[in-house]
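Worksheet: one structure, shown below.
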Amino acid sequence: MDRLPELYRQERERLLSYAESAPRAGEYASPVFGEGPMESVLMLIGEAPGAEESKSGHPFVGKAGKQLDALLAAADINREAVFVTNTIKYRPVNIKHGRSSNRTPSPEELRAGLPLLAAEIAAVRPCIIATLGNTPLKAMLLLSGNALLTVGEAHGSRMTLSLAAGQVQLFPLYHPASVIYNRSLAQTLEEDMKRLGQILKQQEG
Ligand code: URA
């Protein structure tokens, strides 16, 4: 049974009441939830929605999303077959002179996002979870009780994690937005994504 719509409804309510006392600014009234087929073999987890995602209500539709689409296409991975979500479901922001800019979720915000992330994994039961950047990698290592690693240490290789929902393969990747101005990291991300594509093909065949 698909429990996610009800869990997303509850999270929407939690965020609306949290907004009144939240210590950090965020677009709590326009959360973005996971999207994709419930039987997805691959789950992609980003950090948090950005401005475009918050506006549209869909994950990875802005600049980072376009880059993600290109990386997936180059690795022959069909985005339509992937469940895409984020570690926290609202856009965390800094507000200065009336303008909002993205910020990294605080450790408390990351921890508050873990129960829903665990529920998404339990509902979709992917074989492989690819994390995009440090925030979702940290979330997965916290959920599994593993020692924390950075994406620089862990990218491009598989680890088996034991979660309450069972075992899952973790494949850490750099975040598409973090490599924009670094050509060698961008190449590393392309190569890692292609490796992920090959692993998925092996699993299918
Ligand atoms: N960056 C993310 O981590 N997630 C999104 O949904 C968009 C940009």
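Both counts, for ligands and for their atoms, begin at 1 and track the order of listing.
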Any Lys/Arg nitrogen of Arg195 or Glu191 sitting under 4.0 Å from an Asp/Glu carboxylate oxygen of the other?
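Looking at Glu191 together with Arg195, the answer is no, because their closest N to O distance does not fall below 4.0 Å.
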
Taking NZ, NE, NH1 and NH2 as the nitrogens, is one of them in Glu6 or Arg9 under 4.0 Å from a carboxylate oxygen of the other?
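Salt bridge: yes.
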
Heavy-atom closest contact (Pro176 atom, Leu189 atom, distance):
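Answer, listing the atom of Pro176 first, then Leu189: CA-CD2, 3.7 Å.
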
Around atom 4 (N) of ligand 1, find the nearest protein heavy atom and jot down its residue, atom name and distance.
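Protein heavy atom at minimum distance: Asn86 OD1, 2.8 Å.
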
From the options Lys63, Lys89, Glu47, select the one whose nearest heavy atom is closest to atom 3 (O) of ligand 1.
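It is Glu47 that holds the nearest heavy atom.
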
Could you give the distance from CG (Leu42) to CG (Leu72), rounded to the nearest 0.5 Å?
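Rounded to the nearest 0.5 Å, the CG-CG separation comes out at 8.0 Å.
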
When you compare ligand 1 with Pro49, is there at least one nitrogen or oxygen pair between them that comes in under 3.5 angstrom?
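Between Pro49 and ligand 1 (N or O atoms, distance only) the closest approach is not under 3.5 Å.
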
Can you find an N/O atom of Ala48 closer than 3.5 Å to an N/O atom of ligand 1?
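Yes.
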
Taking only heavy atoms of [X], which atoms of ligand 1 are found under 4.0 Å from at least one of them?
X      : value
Pro59  : 6 (O)
Gly46  : 3 (O)
His175 : 1 (N), 2 (C), 3 (O)

Should we count CD of Glu80 as having more than 12 external heavy atoms under 6.0 Å?
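Open.
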
Counting only heavy atoms, which portion of Glu52 has something under 4.0 Å from ligand 1: side chain, backbone, both, or neither?
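Answer for Glu52: neither.
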
How does Glu53 reach ligand 1, by side chain, by backbone, by both or by neither, if only non-hydrogen atoms under 4.0 Å count?
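Side chain only.
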
Mind running salt bridge (charged side-chain N to carboxylate O under 4.0 Å, His left out) on Arg103 and Glu109 for me, showing each step along the way?
CA-CA 12 Å; Arg103 63 173 171 81; Glu109 290 175 311; 2.7 Å; yes

Check for me, please, whether Val93 and Tyr90 land in the same ILVMFWY cluster - side-chain distances under 4.5 Å, paths through other members count.
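Val93 and Tyr90: separate clusters.
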
